[in-house]
**Student:** 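Let me begin by handing over the structure; questions about it come next.
Below, each value reflects all heavy atoms present in this structure, side chains not excepted, and no hydrogens, waters or symmetry copies. These numbers were taken from a predicted model, which means no experiment stands behind them.
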Amino acid sequence: VQLQASGGGLVQAGGSLRLSCAASGRTFSSYDTGWFRQAPGKEREFVAAISWSGGSTYYADSVKGRFTISRDNAKNTVYLQMNSLKPEDTAVYYCAAGRSSFGSKWYRYNYWGQGTEVTVSS
């Protein structure tokens with residue numbers, strides 16, 4: 001599985017962005033998918049996860065109520081809708097996928113995209 005993240009950019013605090021994670025491979029619909037982020041000088045951080053079917057989602061407390069993860073298996077794409085963005089959301093965002101990987105542990109995901117940069121100005 002190859003993953004391509006896109007949709008990052010520069011936005012003012014309070015604004016919105018939608019990230020996309022497009023996957024190659026016919027079996028993507030059987031993979032749990034997660035979003036992680038890494039800010040400069042900081043550790044990689046879990047953001048959100050969605051199960052292969054889309055039936056379960058899980059969010060970090062820091063983004064709960066502001067971010068929404070969803071997927072369209074017909075399009076082999078997972079989305080991260082980010083609303084009410086804050087300067088502390090500034091980071092490179094990565095999507096990751098794996099079988100039986102659902103959750104916040106980065107090491108359970110086998111495939112990673114290249115990252116898309118999000119900058120939130122105050």
**Student:** Out of curiosity, R18 CZ to S6 OG, how far, rounded to the nearest 0.5 Å?
**Tutor:**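 Rounded to the nearest 0.5 Å, the CZ-OG separation comes out at 9.0 Å.
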
**Student:** Quick check on the hydrophobic clustering: are V118 and Y79 connected, directly or via other members, by side-chain heavy-atom contacts under 4.5 Å?
**Tutor:**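 Shared cluster, no.
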
**Student:** Quick check against the 3.5 Å criterion: does S101 have a side-chain atom that pairs as donor or acceptor with the backbone of R108?
**Tutor:**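 Such a contact is found between S101 side chain and R108 backbone.
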
**Student:** If you look at every heavy atom in S51 and D32, which pair is closest and at what distance?
**Tutor:**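 So the two residues come closest at CA-OD1, 3.3 Å.
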
**Student:** When you measure from the side chain of T90 to the backbone of V120, do you find a donor-acceptor pair of N or O atoms at a distance under 3.5 Å?
**Tutor:**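 Present.
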
**Student:** Do W106 and Y94 make a side-chain contact, defined as non-hydrogen atoms from C-beta onward lying under 4.5 Å apart?
**Tutor:**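 Not touching, per the 4.5 Å side-chain cut-off.
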
**Student:** Check the hydrophobic clustering (I, L, V, M, F, W, Y; side-chain heavy atoms under 4.5 Å; chains of links allowed) and say if W112 and V92 are grouped together.
**Tutor:**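 Same hydrophobic cluster.
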
**Student:** With clusters defined by side-chain heavy atoms of hydrophobic residues (ILVMFWY) lying less than 4.5 Å apart, directly or transitively, does L80 cluster with V11?
**Tutor:**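 In one cluster with V11: L80, yes.
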
**Student:** Of F36, F46, Y59, which is the lone residue that meets side-chain contact (heavy atoms from CB on, under 4.5 Å) with S104?
**Tutor:**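 That would be F46; it is the only one of F36, F46, Y59 passing the side-chain contact (heavy atoms from CB on, under 4.5 Å) with S104.
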
**Student:** What distance separates Y31 OH from L3 CG, expressed to the nearest 0.5 Å?
**Tutor:**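 Rounded to the nearest 0.5 Å, the OH-CG separation comes to 9.5 Å.
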
**Student:** Is there a donor-acceptor contact under 3.5 Å from the side chain of N73 to the main chain of W52?
**Tutor:**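 Side chain of N73 to backbone of W52: a pair is present.
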
**Student:** If I take atom OG1 from residue T57 and atom CZ from residue R71, how far apart are they, to the nearest 0.5 angstrom?
**Tutor:**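 The distance works out to 12.0 Å.
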
**Student:** Short question: side chain of S24, backbone of Q2 - any donor-acceptor pair under 3.5 Å?
**Tutor:**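 Side chain of S24 to backbone of Q2: a pair is present.
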
**Student:** In this structure, would Y111 and W35 fall into the same cluster of hydrophobic residues linked by side-chain contacts under 4.5 Å?
**Tutor:**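 Result: yes, single cluster for both.
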
**Student:** Please say yes or no: joined through hydrophobic side-chain contacts below 4.5 Å, possibly via intermediate residues, are I69 and V1 part of one cluster?
**Tutor:**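 Same cluster: I69 reaches V1 through Ile, Leu, Val, Met, Phe, Trp or Tyr contacts under 4.5 Å.
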
**Student:** Hey, what do you get for SG (C95) to CD1 (I50), rounding to the nearest 0.5 Å?
**Tutor:**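 If we round to the nearest 0.5 Å, C95:SG and I50:CD1 are 12.5 Å apart.
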
**Student:** Kindly compute the distance separating OG (S100) from OH (Y109), expressed to the nearest 0.5 Å.
**Tutor:**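 It comes to 11.0 Å.
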
**Student:** Considering only residues two or more places apart or on different chains, which pairs with a residue in residues 84-107 satisfy salt bridge (charged side-chain N to carboxylate O under 4.0 Å, His left out)?
**Tutor:**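 Passing the test, one end in residues 84-107: R37-D89, R66-D89.
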
**Student:** Is the backbone of A91 close enough, under 3.5 Å, to the side chain of Q38 for a donor and an acceptor to pair up by distance?
**Tutor:**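 Looks like no, no N/O pair under 3.5 Å.
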
**Student:** Return the CG to SG distance between N76 and C21, rounded to the nearest 0.5 Å.
**Tutor:**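 Answer for the CG-SG pair, N76 versus C21, is 10.0 Å.
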
**Student:** Work out which heavy atom in A49 is nearest to a heavy atom in G103; give both atom names and the distance.
**Tutor:**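 Reported closest heavy-atom pair: CB-O, 3.7 Å.
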
**Student:** Which heavy atom of S16 sits nearest to which heavy atom of N83, and what is that distance?
**Tutor:**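 Nearest pair, atom of S16 first, then N83: OG-OD1, 2.9 Å.
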
**Student:** Below 30° counts as parallel, above 60° as perpendicular, anything between as tilted: where do the rings of Y93 and F67 land?
**Tutor:**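 The rings of Y93 and F67 sit tilted, inter-plane angle from 30° to 60°.
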
